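Data block below; observations after.
In this text the structure is predicted, and so the values were computed from the model without any measurement. Remember, it's 1-based here, ligands and their atoms both numbered in the order they're listed. In what follows, every heavy atom counts, from backbone to side chain, and hydrogens, waters and symmetry copies are set aside.
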Amino acid sequence: MNTKILDLSNTSSFDSALALAADTVRKGGLVAFPTETVYGLGADALDPEASKKIYAAKGRPSDNPLIVHIAEPAEVFDYAFPDSRGIAEKLCSSFMPGPLTVVLKKKSIIPDEVTGGLDTVAIRCPSDPVAHAFIAACGVPIAAPSANLSGKPSPTRASHVIDDLDGRVDLILCGEDSAIGLESTIVLVTNERVKLLRPGFITVPQLESVVGKIEIDKAVTDKLRDGERPLAPGMKYRHYAPQAPVTMIKGEDSDVRRFFAEALLDGSAVICFDEDLEFLGGFSTSSGAPIVFSLGPQNDHLTQAKRLFDALRTLDRKEVRQIYSRLPEKDGVGLAVFNRLIKACGFCIKRIGEFKNEDNRDLR
Ligand code: TXA
Ligand code: MG
């Protein structure tokens, strides 16, 4: 397939790019577009054949449902039923437009192909102006997963989308880098409970300030046992995994830095914090420059979120054999960074120094 790639930074062609994108969607085609979280791969959510094309283009298993993207928050209830306690309405009025996805009982207008046969639908209203303009121009809800090949890190830059999907989709709209860099927070809302299925930029304390205490699905922090099923089917797949094995290192700062320095000399790559860089600067392998990628300052979860997927893709391109990474704190947006990293490393945490004999309490 010949993929059209349009640069949106040229404002004179913005309207015509959007018109072409909307026309492509209405004809059943696939359009990749920027959002504030990550780039999405969109198609008409009311057209089952268009959704099937998304699964084929990404190589995505058909039991992994798609998020339905809408232009205005009020449209949530065109496609899903509210819960009996009014919790969904509260969440939508507090966090939409924005990086929150709500999972609710679906209305019959949403095809089974979009929801992987589930009787619920995930709905999100992006705040990114380009995403909003694109969805509004289409005039239909847009089914969109992240615009990466299945199993690759989500795309946070137009170049990531081109790397994965050139030749597999009709159109790629190239905008700015994603402002947040991790996918939306997903919550399941039933008449009985609110449950966090995937952590993101909207944090647990923010959600609880609006709806009271929420539950956290085990799959957010724990490795599931064989046969256990997460409530968000996508969480069961080995996501965001670079080619090289990733291990997270837990220990005192000084111990972790020493470990990283030895690993670099050995030809491994390191994902660290800014505070580590000074110490690691002097270490290089005989074969060339060490491969060090900083996620940002240790306490700056927002910068870490923004850089993580780019770090994993960059290290993938360098074809390193082993990647060692810092372990982010699990508070606020840090929980989302931690969640993506434990999936990238297949829950592999190595404890050093005084943490050596600790059990698996990080994974709880
Ligand atoms: O930020 C985002 O959410 C991005 C942008 C493009 O909006 N989209 C995104 O989509 O991350 P995707 O397909 O990569 O991840 C969607 C997740 C999957 O884990 C899927 O299993 C889950 O949402 N999901 C979708 N519908 C669901 C449902 N009805 N019940 C439970 N989980 C659902
Ligand atoms: Mg995805």
Min N/O separation [X] to ligand 1 under 3.5 Å:
{"X": "S184", "answer": "yes"}
{"X": "Y39", "answer": "no"}
{"X": "E183", "answer": "no"}

Quick one: does [X]'s side chain get under 4.5 Å of [Y]'s, heavy atoms only?
{"X": "V76", "Y": "M96", "result": "yes"}
{"X": "T156", "Y": "Y39", "result": "no"}
{"X": "L277", "Y": "C272", "result": "yes"}
{"X": "L8", "Y": "V130", "result": "yes"}
{"X": "K213", "Y": "E208", "result": "yes"}

Practice task
Salt-bridge test for R258 and E252: reply yes if a basic N is under 4.0 Å from a carboxylate O, no otherwise.
Solution key: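 No.
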Atoms of ligand 1 close to [X] [distance to a heavy atom under 4.0 angstrom, numbered from 1]:
{"X": "I186", "result": "17 (C), 23 (O)"}
{"X": "R60", "result": "12 (P), 13 (O), 14 (O)"}
{"X": "A232", "result": "21 (O), 31 (C), 32 (N)"}
{"X": "H69", "result": "5 (C), 6 (C), 7 (O)"}
{"X": "G40", "result": "6 (C)"}
{"X": "A122", "result": "25 (C), 26 (N), 27 (C), 29 (N)"}
{"X": "N64", "result": "18 (C), 20 (C), 21 (O)"}
{"X": "L118", "result": "28 (C), 29 (N), 30 (N)"}

Problem - Minimum non-hydrogen distance to atom 30 (N) of ligand 1, winning option of I110, I123, V103 - result: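 Closest candidate by heavy-atom distance is V103.
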Problem - Per atom 16 (C) of ligand 1, closest listed option by heavy atom (D63, V68, I67, T120) - result: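 Nearest option to atom 16 (C) of ligand 1, by heavy atoms: I67.
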Problem - Exceeds 12 heavy-atom contacts within 6.0 angstrom, atom NZ of K218 - result: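 Atom NZ in K218 is packed in, count exceeds 12.
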Practice task
Quick one: do E36 and S178 satisfy side chain to side chain donor-acceptor pair (under 3.5 Å)? Show the steps, please.
Solution key: CA-CA 5 Å; E36 72 276 22; S178 310; over 6 Å; no
Region of [X] engaging ligand 1 - heavy atom pairs below 4.0 Å:
{"X": "L231", "answer": "backbone"}
{"X": "K58", "answer": "neither"}
{"X": "K106", "answer": "neither"}

Exercise for the section: Indicate whether the side chain of Q206 and that of S209 have a donor and an acceptor atom separated by less than 3.5 Å. Expected result: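 Note: Q206 and S209 side chains miss the donor-acceptor criterion.
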Handout entry: Side chains of T37 and S184, donor plus acceptor under 3.5 Å
Key =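 Looking only at side-chain atoms, S184 and T37 do not form any donor-acceptor pair under 3.5 Å.
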Handout entry: cation_pi(K106, F81) dist<6.0 Å, angle<=45
Key =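 Not flagged: K106 not positioned over aromatic ring of F81.
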Handout entry: 2.8 Å cut-off met by an N, O or S atom of S146 to the Mg ion (ligand 2)
Key =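 Checking S146: at least one N, O or S atom is under 2.8 Å.
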